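The shown structure was predicted, so the numbers you read here are calculated from the model rather than taken from an experiment.
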Amino acid sequence: MSECLRISMWSGPRNISTATMYAFRQRPDTTVVDEPLYAHYLATTGLHHPGYEDVLARMDPNGERVVDEVLYGACERPVRFYKNMAHHMVGLDLSRFDGLRNILLTRRPEEMLVSLTKEIPDADVHATGLPDQVRLLDHLIAHGREPVVLLAHEVLKDPATVLSELCDRVGIPWDESMLSWPAGAKPEDGIWAQHWYGNVHRSTGFAPYQPRQRTFPPHLEPLLAECLPLYEHLAARAISA
């Protein structure tokens with residue numbers, strides 16, 4: 001089967017992107033692909049993330065070829081879901097994504113930045129994916145292809161309501177199987193899962209939303225100030241629970 005609905009979710013880091021991929025994996029009509037542009041991102045930026053060597057050794061670093069052969073490749077089932085990180089689109093023409101049904105998943109910066117900088121202490125605004133999400137949002141709207149915007153805390157507050165609305169907007173029927181999954185690693189996990197997926201491997205569904213209670217680190221305030229207008233631009237178009 002070569003024709004199908006191709007859904008690309010462009011997420012920021014330290015989000016619920018893997019859990020959302022697992023939710024779509026539960027659908028009998030859907031196959032999922034985990035971060036196909038990761039090697040392209042590492043090769044283009046030269047950044048050394050955990051598992052850098054393995055990613056470059058085992059994945060195609062040519063982003064344009066990945067878009068053509070993976071994102072627009074043959075489909076095994078009626079729906080193909082791609083979990084992508086927004087900053088992985090670096091250097092690629094945004095028009096290459098016009099043929100996908102695009103979703104933007106973002107998280108409150110005051111929650112995301114604390115988690116992100118534990119793993120990447122020198123992270124800047126580009127590492128959050130927010131500039132790329134806003135660029136893609138504005139590009140798609142300008143070309144009559146408005147994406148669906150998801151806020152992590154809204155998904156966690158009421159997964160059934162938000163995900164059923166998401167399904168309606170992308171044109172697939174709601175399936176309650178998306179609300180739970182078996183614990184443990186999944187065959188579709190990227191080879192970097194050992195570095196990043198510990199919590200989601202222990203999960204069997206979306207965890208209840210827990211607002212951050214601790215004081216925000218003062219040294220991250222300038223970065224937060226860069227992130228907030230971008231986040232608010234996205235949030236204005238998001239699905240609410």
Side-chain angles (χ1 to χ4, degrees), residues 4-25 27 30-45 47 49 51-52 55-56 58-75 79-107 112 116 120 123 126-140 145-152 155 163 166 169-170 172 186 188-193 195-197 200 230-231 234 238:
C4 65
L5 177 62
R6 294 175 172 85
I7 301 172
S8 180
M9 183 182 71
W10 302 95
S11 177
R14 313 313 292 160
N15 209 328
I16 56 169
S17 57
T18 305
T20 307
M21 179 179 74
Y22 287 178
F24 273 88
R25 182 182 182 272
R27 299 179 59 94
T30 302
T31 55
V32 300
V33 181
D34 194 11
E35 298 187 29
L37 288 166
Y38 198 4
H40 160 76
Y41 172 71
L42 295 180
T44 300
T45 63
L47 295 172
H49 284 194
Y52 171 89
V55 173
L56 289 181
R58 296 171 59 179
M59 296 182 70
D60 189 347
N62 185 315
E64 294 189 354
R65 186 164 57 221
V66 170
V67 171
D68 291 338
E69 297 182 0
V70 180
L71 270 63
Y72 292 107
C75 296
V79 180
R80 213 161 192 239
F81 177 90
Y82 306 99
K83 173 198 158 194
N84 280 304
M85 305 307 290
H87 48 295
H88 289 182
M89 68 176 73
V90 59
L92 296 173
D93 186 337
L94 296 182
S95 66
R96 299 183 70 90
F97 310 126
D98 288 351
L100 306 171
R101 191 65 177 94
N102 293 284
I103 300 169
L104 301 173
L105 172 65
T106 189
R107 182 182 178 192
M112 173 268 295
L116 176 63
I120 307 175
H126 297 287
T128 70
L130 286 165
D132 295 291
Q133 288 181 314
V134 167
R135 284 196 312 118
L136 184 59
L137 173 70
D138 292 346
H139 165 83
L140 292 169
R145 298 181 176 90
E146 183 165 354
V148 181
V149 180
L150 295 180
L151 305 180
V155 177
L163 293 181
L166 167 64
R169 292 198 191 184
V170 300
I172 57 176
K186 311 296 184 288
E188 298 88 351
D189 288 346
I191 57 176
W192 48 88
H195 303 288
W196 302 97
Y197 292 3
V200 75
L230 301 171
Y231 173 80
L234 296 162

Minimal heavy-atom distance between Met85 and Gly12, with the atoms involved, is CE-O, 3.2 Å

Run the side chain to side chain donor-acceptor pair (under 3.5 Å) test against Trp192 and tell me which residues pass, sequence neighbours left out. Tyr197

Within this structure, what is the CE-CD1 distance for the pair Met21 and Ile16, rounded to the nearest 0.5 Å? 13.0 Å

Rounded distance (nearest 0.5 Å) linking atom CG of Asn84 with atom OG of Ser8: 4.0 Å

Show, in sequence, the C-alpha distance, side-chain angles and deciding distance for Leu150 and Thr106, and conclude whether the side-chain contact (heavy atoms from CB on, under 4.5 Å) test is met. CA-CA 6 Å; Leu150 295 180; Thr106 189; over 6 Å; no

Set out, in order, the CA-CA distance, both residues' side-chain angles and the distance that settles side-chain contact (heavy atoms from CB on, under 4.5 Å) for Val67 and His40, then state yes or no. CA-CA 10 Å; Val67 171; His40 160 76; over 6 Å; no

The side-chain contact (heavy atoms from CB on, under 4.5 Å) partners of Glu69 (sequence neighbours excluded) come to Arg65

Search all heavy atoms of Leu47 against all heavy atoms of Leu42 and return the closest pair with its distance. O-CD2, 3.5 Å

Can you name the residues that form a side-chain contact (heavy atoms from CB on, under 4.5 Å) with Thr31, not counting sequence neighbours? Glu76, Arg77, Arg80

Any donor-acceptor pair under 3.5 Å from Arg101 side chain to Arg169 backbone: yes

Do we see a donor-acceptor contact under 3.5 Å between the side chains of Ser95 and Asp93? yes

Can you tell me how far the CD1 atom of Ile7 sits from the CD1 atom of Ile172, to the nearest 0.5 Å? 4.5 Å

Looking at His49 and Tyr38, what are the two nearest heavy atoms and their distance? ND1-OH, 2.9 Å

Mind listing the closest non-hydrogen atom pair of Ala123 and Leu116 along with its distance? CB-CD2, 3.8 Å

Closest non-hydrogen atom pair, Val149 against Leu234: CG1-O, 3.4 Å

Is the shortest side-chain heavy-atom distance between Tyr231 and Leu151 below 4.5 Å? yes

Nearest 0.5 Å please: distance from the CZ atom of Arg96 over to the CG atom of Leu71. 9.5 Å

Hits for side-chain contact (heavy atoms from CB on, under 4.5 Å) against His195, two or more places apart or cross-chain, chain-then-number order -> Pro50

Looking at residues at least two apart in the chain, or sitting in another chain, which of them share a side chain to side chain donor-acceptor pair (under 3.5 Å) with His139? Asp98

Counting only N and O atoms by type, is there a donor-acceptor contact under 3.5 Å from the side chain of Asn62 to the main-chain atoms of Asp60? no

I'd like to know if the side chain of Asn15 and the backbone of Ser17 have a donor-acceptor N/O pair within less than 3.5 Å. no

Donor-acceptor contact below 3.5 Å, side chain Tyr72 vs main chain Gly99: yes

With a 4.0 Å cut-off, would you call Arg135 and Asp132 a salt bridge? yes

CG/Leu37 to CD/Glu64 distance, rounded to the nearest 0.5 angstrom? 11.0 Å

Applying side-chain contact (heavy atoms from CB on, under 4.5 Å) to Met112 and Thr128, what does each step give before you reach the verdict? CA-CA 8 Å; Met112 173 268 295; Thr128 70; 3.7 Å; yes

Looking at residues at least two apart in the chain, or sitting in another chain, which of them share a side chain to side chain donor-acceptor pair (under 3.5 Å) with Arg14? Ser115

What pair of heavy atoms forms the shortest contact from Pro36 to Val70, and how long is it? CB-CG1, 3.9 Å

Rounded to the nearest 0.5 Å, what separation is found between the NZ atom of Lys83 and the CD atom of Glu188? 12.0 Å

Which class fits the ring pair Tyr41 and His87: parallel under 30°, tilted 30 to 60°, perpendicular over 60°? perpendicular

